[in-house]
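Notes to accompany the following structure.
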Amino acid sequence: MEKIKVDQFIRSRRRTISLSITQEATLVVKAPLLTPMKYIESFIIEKKNWISKKITEIKSRPKAKIKE
């Protein structure tokens, strides 16, 4: 099984776990302060298909042209 790379991990005073994919196709995980790491890892594994689908979707977008 392929390991999912978390590029940014943020713990804060929130109530839910959030996964987001940036425009650079990096994964950002936001989680509550006291949530066990095992639970967060299992959540990421559960959403593995969604994560890989979104990353490939973003990488396949055409690049914006730089105006001169």
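If you're wondering where the values come from, they're calculated on a predicted model, not measured in any experiment. Index from 1, following the sequence.
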Notebook entry, point to check: Stepwise, does the side chain to side chain contact (heavy atoms under 4.5 Å, CB included) test hold for Phe9 with Met37?
Noted result: CA-CA 11 Å; Phe9 186 76; Met37 200 61 196; 4.1 Å; yes
Notebook entry, point to check: Roughly how far apart are Glu57 CD and Ser52 OG, rounded to 0.5 Å?
Noted result: 11.0 Å
Item checked: Ile17 CD1 to Glu46 CD distance, which is reported to the nearest 0.5 Å -> 9.5 Å
Check: Knowing that exactly one of Ile44, Val6, Ile45 qualifies, which makes a side-chain contact (heavy atoms from CB on, under 4.5 Å) with Ile51?
Finding: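 The passing option is Ile44.
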Next item on the list: In sequence, state the C-alpha distance, the side-chain angles, and the governing distance for Arg61 and Gln23, and then conclude on side chain to side chain contact (heavy atoms under 4.5 Å, CB included).
Entry: CA-CA 10 Å; Arg61 289 181 185 164; Gln23 293 299 319; 3.4 Å; yes
Do you know which two heavy atoms are closest between [X] and [Y], and how far apart they sit?
| X | Y | result |
| --- | --- | --- |
| Trp50 | Leu19 | CH2-O, 4.0 Å |
| Ile4 | Lys48 | CD1-CG, 3.3 Å |
| Leu33 | Arg13 | CD1-CG, 3.8 Å |
| Lys54 | Ile21 | CB-CG1, 3.8 Å |
| Pro32 | Arg15 | CG-C, 3.8 Å |
| Gln8 | Ile10 | NE2-CD1, 3.8 Å |

Item checked: Heavy-atom neighbours of Tyr39 OH exceed 12 at 6.0 Å ->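 Count not over threshold, so no.
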Next item on the list: Without swapping roles, check the side chain of Asp7 against the backbone of Thr26 for a donor-acceptor pair under 3.5 Å.
Entry: no
Next item on the list: Decide whether Val28 and Ile58 are clustered together by the hydrophobic rule: side chain heavy atoms of Ile, Leu, Val, Met, Phe, Trp, Tyr closer than 4.5 Å, transitively.
Entry: no
